[in-house]
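The next block holds one structure in the form of structure tokens; read it before the comments.
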Amino acid sequence: MKTWREAVINGIRRLTINKNSYLFSRQEIINTQLTQIIEEVQSIGETPSQTLSRVLQELRDENLIEFVDNTGNYVFLVDNINIGQEDLPETAIDVAIKTGRLQFNDISTDERLIEARQRVGQDRLRFWTLRNYQSQCALCDISDQRLLVASHIARWADYPKGRGDLSNIICLCRWHDPLIEYGLISFSNGHEILKKPTKSQMLTKILDETNIYQEPLAMPLSSEYLEIHRKKHHF
């Protein structure tokens, strides 16, 4: 016998798998899953639909589901969300980013639909990265958005797990981005700036001026990704 919470999560998972979609509504659960949910909990109760509503609210409070539009659709957040699977509304993508559930898989060059969906996901990652760092490079005072990028600490190609994780993404200007990318700058787990010497006078000037890391509003850099970066670049 399962609890109502367990049975409802199972029902949502069955529903979303059958639909091949991360989106669902309360009415769809009632129409397709409520009978099996009641069988799993072995208790009909006087108001199963009201109990379902209560459990859905509890799952919202736990950030396991979330509303994504004004027509009653939820997005299922118990499992990771593969951005390439379907066309998701921006609200669903944003929720997935904020909860660390957004996933980008490798794609072949001829999968244009999936590539387009991934671009939408990357655009939302850039939006939330710039917001997280108040639209300013984390290592200098550049705030012109044309010169800012959302830069991954653990590289996109090397570490797929971190592709959609804001704690792996830092807002950098186009001058500091390659210094992180090629390992002239890294960070300690406490976010102190680490540097490597260079023979270039210009790069030395930039490094000498790079002394302060601007902490984000939320989702600080994760020590997991920082350790990967330091190991890769031998800090």
Side-chain angles (χ1 to χ4, degrees), residues 9 12-13 16-17 19-23 63-66 68 75-133 137-139 148-174 176-189 191 194 213 216 218-235:
I9 289 176
I12 296 172
R13 182 173 279 116
T16 53
I17 289 174
K19 291 180 62 182
N20 194 31
S21 172
Y22 298 107
L23 306 181
N63 294 322
L64 298 180
I65 63 173
E66 188 53 78
V68 295
V75 60
F76 187 46
L77 297 165
V78 174
D79 304 320
N80 287 335
I81 292 180
N82 178 0
I83 188 67
Q85 178 174 309
E86 63 178 306
D87 292 323
L88 291 169
E90 282 189 356
T91 49
I93 298 172
D94 290 349
V95 170
I97 290 172
K98 292 177 183 179
T99 56
R101 300 290 185 185
L102 192 65
Q103 182 179 32
F104 292 81
N105 289 347
D106 292 325
I107 58 174
S108 62
T109 55
D110 61 343
E111 294 177 299
R112 294 184 178 179
L113 178 58
I114 295 176
E115 183 180 11
R117 291 168 176 167
Q118 290 210 3
R119 281 199 300 270
V120 174
Q122 290 166 349
D123 287 344
R124 298 312 294 169
L125 278 175
R126 171 182 163 81
F127 172 86
W128 286 108
T129 299
L130 266 61
R131 173 169 287 193
N132 200 23
Y133 285 89
C137 175
L139 297 177
L148 297 176
V149 298
S151 181
H152 286 73
I153 297 296
R155 293 177 68 245
W156 177 283
D158 295 343
Y159 208 70
K161 173 188 171 184
R163 290 173 179 174
D165 190 343
L166 282 180
S167 69
N168 183 38
I169 306 174
I170 182 173
C171 180
L172 295 173
C173 67
R174 295 187 182 275
H176 278 108
D177 176 47
L179 300 185
I180 298 287
E181 171 77 12
Y182 296 109
L184 288 174
I185 292 177
S186 192
F187 302 91
S188 71
N189 285 355
H191 302 164
L194 309 175
Y213 166 66
M219 299 295 288
L221 295 177
S222 165
S223 58
E224 174 186 3
Y225 302 119
L226 294 175
E227 288 168 4
I228 291 170
H229 187 268
R230 291 197 303 273
K231 183 177 180 179
K232 178 180 178 65
H233 296 290
H234 308 291
F235 276 90

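Every heavy atom of this structure was used, including side-chain atoms; hydrogens, water molecules and symmetry mates were not.
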Going from [atom1] on [X] to [atom2] on [Y], what distance comes out if it is rounded to the nearest 0.5 angstrom?
X	Y	atom1	atom2	value
Phe104	Asn80	CZ	CG	12.0 Å
Leu77	Glu66	CG	CD	7.5 Å
Asp94	Thr99	CG	OG1	10.5 Å
Asp177	Tyr182	CG	OH	9.0 Å
Asp87	Leu113	CG	CG	6.0 Å
Arg124	Thr91	CZ	OG1	9.5 Å

message = I'd like to know if the side chain of Asn132 and the backbone of Ala218 have a donor-acceptor N/O pair within less than 3.5 Å.
response = yes
Can you check whether [X] reaches [Y] side chain to side chain, under 4.5 Å on heavy atoms?
X	Y	answer
Ile153	Ile170	yes
Val78	Phe76	yes
Leu166	Pro216	no
Gln118	Arg163	no
Leu172	Tyr133	no
Tyr213	Leu139	yes
Ser186	His233	no
His229	Ile180	yes

Can you name the closest pair of heavy atoms from [X] and [Y] and give their distance?
X	Y	answer
Ile81	Ala96	CD1-CB, 3.9 Å
Ala92	Leu23	CB-CD2, 4.3 Å
Ala150	Ile169	CB-CG2, 3.8 Å
Ala154	Tyr225	CB-CD2, 3.9 Å
His176	Ile185	CD2-CD1, 4.0 Å
Arg155	His152	CA-CB, 4.5 Å

ask   = Does a side chain donor of either Tyr159 or Asn168 reach within less than 3.5 Å of an acceptor in the other side chain?
value = no
key: Asn63 and Arg101: side chain donor to acceptor below 3.5 Å   = no
query = Yes or no on side-chain contact (heavy atoms from CB on, under 4.5 Å) for Asn105 and Gln85, after CA distance, side-chain angles and deciding distance?
reply = CA-CA 10 Å; Asn105 289 347; Gln85 178 174 309; over 6 Å; no
message = Checking Ile83 against Ile93 for the side-chain contact (heavy atoms from CB on, under 4.5 Å) test, could you report, in this order, the C-alpha distance in whole Å, the side-chain angles of both residues, the deciding distance, and whether it holds?
response = CA-CA 8 Å; Ile83 188 67; Ile93 298 172; 3.8 Å; yes
query = For Lys231, does the NZ atom have more than 12 heavy-atom neighbours from other residues, nucleotides or ligands under 6.0 Å away?
reply = no
inquiry  = The test is side-chain contact (heavy atoms from CB on, under 4.5 Å); show your working for Asn189 and Arg230 and say whether it passes.
reply    = CA-CA 10 Å; Asn189 285 355; Arg230 291 197 303 273; 3.0 Å; yes
Pairing residues for Arg119 by the salt bridge (Lys or Arg N to Asp or Glu O under 4.0 Å) criterion, not counting sequence neighbours = Glu115
message = If you apply the rule side-chain contact (heavy atoms from CB on, under 4.5 Å), what do you find for Thr16 with Ser21, and how did you get there?
response = CA-CA 5 Å; Thr16 53; Ser21 172; 5.9 Å; no
ask   = Do Glu86 and Lys19 sit within salt-bridge range, that is, some charged N less than 4.0 Å from a carboxylate O?
value = no
